[in-house]
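First the structure, in the form of structure tokens, and then the observations on it.
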Protein chains: 2
Amino acid sequence: MMELTRKGEYAIRGIVYLAAQPVDRVCLLSEIAAAVDVPPTFLAKIFQQFSKIGLVRSYRGTGGGFLLGRVPEKITLLEVVEAVEGPIIPNRCVVGTGECARDVSCTVHPVWKRVQEQVRDVLEGVTLKDLAGG
Amino acid sequence: MMELTRKGEYAIRGIVYLAAQPVDRVCLLSEIAAAVDVPPTFLAKIFQQFSKIGLVRSYRGTGGGFLLGRVPEKITLLEVVEAVEGPIIPNRCVVGTGECARDVSCTVHPVWKRVQEQVRDVLEGVTLKDLAGG
DNA sequence: CCTAACAAGACATTTTTTATCCTTTTAGGG
DNA sequence: CCCTAAAAGGATAAAAAATGTCTTGTTAGG
Ligand code: SF4
Ligand code: SF4
């Protein structure tokens, strides 16, 4: 239960590798994929998602590649995970009202809320700087 | 990410219903399924898993049905969830050594360990008595 | 205009989830 | 001894999600 998917795992490996590079060093997707041992085409999809929300910046054409979108100490593991896996949802009912008709008086509901908070807190407390060994 | 499956959700609903019954009241599967709004055949599979590990006791034939295997205050939500969903595994590497070749020096590994502990702590701190409103 | 590199979308395969059905076993009652 | 009630166990099937791949388009440099 609660298992991170490959996609999430690959995403973390890839962006941590980026965070460990010298500032302004542009990395090729192929280089990152080889370094962290992830299928290049799959990693491409992941980095496209990162790019859309600004977690990484990308440059096309000759001399192109990827850069971290912000300094590593300003990117949390929570952001990275949620970027590719979506929000941390231990159970449907924590999404919002109306997802489960029983939520009004459900005794289990608050437990999932707590689980969600705890997980978010752990992941939010870790930055790419921590992970890259800045 | 980290979403409980229907099976887990159904399992909780079913056993919480049992926990809310008077002591020694035997419940039919059909009754439980109707009360908590779960497909009866699916709930049957779930209760078979419960039965195997003693979370519930079952009796066959006329007058048969299900009873809680222990008093509600001695059954934690963690046990219930793990009974049907398996152990709480935020990432492969928390299972044990050898699951990931990188785990020796991986900076992310300890984070998943912490997530696992936090989730387990929350779920272990809640009993069926709490949930059934004993 | 040729090549390098990422972007985007369609497609394919495998695994997991979410069940349902059928047969077997156990137990009680007439 | 049979009939019915009820759970146990196993096989099967449809739907959804995960895990990639492929093809084509876009952008940029030389
Ligand atoms: S925990 Fe309660 S509110 Fe949440 S999905 Fe289950 S029944 Fe609904
Ligand atoms: S977090 Fe580290 S040890 Fe765990 S699976 Fe990922 S690379 Fe391996």
Side-chain angles (χ1 to χ4, degrees), chain A residues 1-15 18 25-34 36-69 81 83-87 89-92, chain B residues 1-15 18 25-34 36-69 81 83-87 89-92:
Chain A
M1 186 214 174
M2 318 215 106
E3 201 156 341
L4 192 73
T5 64
R6 297 286 167 116
K7 189 178 178 185
E9 166 70 18
Y10 294 165
I12 296 168
R13 282 198 219 163
I15 203 166
L18 254 196
R25 161 133 202 271
V26 178
C27 293
L28 291 184
L29 185 75
S30 55
E31 175 200 334
I32 306 170
V36 300
D37 193 30
V38 169
T41 59
F42 201 177
L43 194 64
K45 291 300 177 192
I46 293 166
F47 270 61
Q48 280 168 31
Q49 289 189 260
F50 283 159
S51 186
K52 275 187 200 164
I53 61 173
L55 276 189
V56 306
R57 275 174 299 158
S58 68
Y59 298 97
R60 304 210 242 196
T62 315
F66 292 92
L67 274 172
L68 219 52
V81 169
V84 296
E85 300 263 18
I89 305 289
N91 202 348
R92 294 151 183 50
Chain B
M1 186 213 174
M2 317 214 108
E3 201 156 341
L4 192 73
T5 64
R6 297 285 167 115
K7 188 177 179 186
E9 166 70 19
Y10 293 165
I12 296 169
R13 283 198 218 164
I15 203 167
L18 254 197
R25 161 134 203 271
V26 177
C27 293
L28 292 184
L29 185 75
S30 55
E31 175 199 333
I32 305 169
V36 300
D37 193 31
V38 169
T41 58
F42 200 176
L43 194 64
K45 292 301 178 192
I46 292 166
F47 270 61
Q48 280 169 28
Q49 289 187 261
F50 283 159
S51 186
K52 275 187 199 162
I53 60 174
L55 276 190
V56 306
R57 274 174 301 159
S58 69
Y59 299 98
R60 305 210 242 195
T62 315
F66 293 92
L67 275 171
L68 220 52
V81 169
V84 296
E85 301 262 19
I89 305 289
N91 201 349
R92 293 151 183 53

At under 4.0 Å between heavy atoms, what does [X] touch on the DNA or RNA strands: base, sugar-phosphate, or nothing?
| X | value |
| --- | --- |
| A:Ser30 | nothing |
| B:Phe66 | sugar-phosphate |
| A:Phe47 | nothing |

Check the phosphate of [N] against [X], side-chain N and O only, distance under 4.0 Å to OP1 or OP2. Yes or no?
| X | N | result |
| --- | --- | --- |
| B:Thr62 | D:dA5 | no |
| B:Thr5 | C:dT18 | yes |
| B:Tyr59 | D:dA5 | no |

* Between A:Gly63 and A:Pro40, who's closer to the 5' end of DNA chain D by nearest nucleotide? ->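 Its nearest nucleotide lies further toward 5', so the answer is A:Pro40.
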
* Between A:Tyr10 and B:Cys27, who's closer to the 5' end of DNA chain D by nearest nucleotide? ->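 Closer to the 5' end of DNA chain D: B:Cys27.
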
Minimum-distance nucleotide (side-chain atoms of [X] versus [options]):
| X | options | answer |
| --- | --- | --- |
| B:Leu29 | C:dA8, D:dA7, C:dC6 | D:dA7 |
| A:Thr41 | D:dT19, C:dT18, D:dT21 | D:dT21 |
| B:Gln48 | D:dA18, D:dA8, D:dT21 | D:dA8 |

* Using whole Å, report how far CD of B:Glu3 lies from P of D:dA18. =>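 Whole-Å distance recorded here is 10 Å.
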
* Report yes or no: is there a donor-acceptor pair, N or O only, under 3.5 Å between the side chain of B:Lys45 and the base of D:dG9? =>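 Indeed, a donor on one side and an acceptor on the other fall under 3.5 Å apart.
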
* **Side-chain donor/acceptor contact of B:Arg60 with base of C:dT25 under 3.5 Å** =>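 When only heavy-atom distances are counted, B:Arg60 does reach the base of C:dT25 through a donor-acceptor pair under 3.5 Å.
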
Supply the atom-to-atom distance [X] [atom1] to [Y] [atom2], rounded to the nearest 0.5 angstrom.
| X | Y | atom1 | atom2 | value |
| --- | --- | --- | --- | --- |
| B:Thr5 | B:Tyr10 | OG1 | OH | 9.5 Å |
| A:Ile46 | A:Ile32 | CD1 | CD1 | 11.0 Å |
| B:Phe66 | B:Cys27 | CZ | SG | 10.0 Å |

* Asked: Do B:Glu9 side-chain atoms and B:Leu4 backbone N/O form a donor-acceptor pair below 3.5 Å?
  ->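 Such a contact is absent between B:Glu9 side chain and B:Leu4 backbone.
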
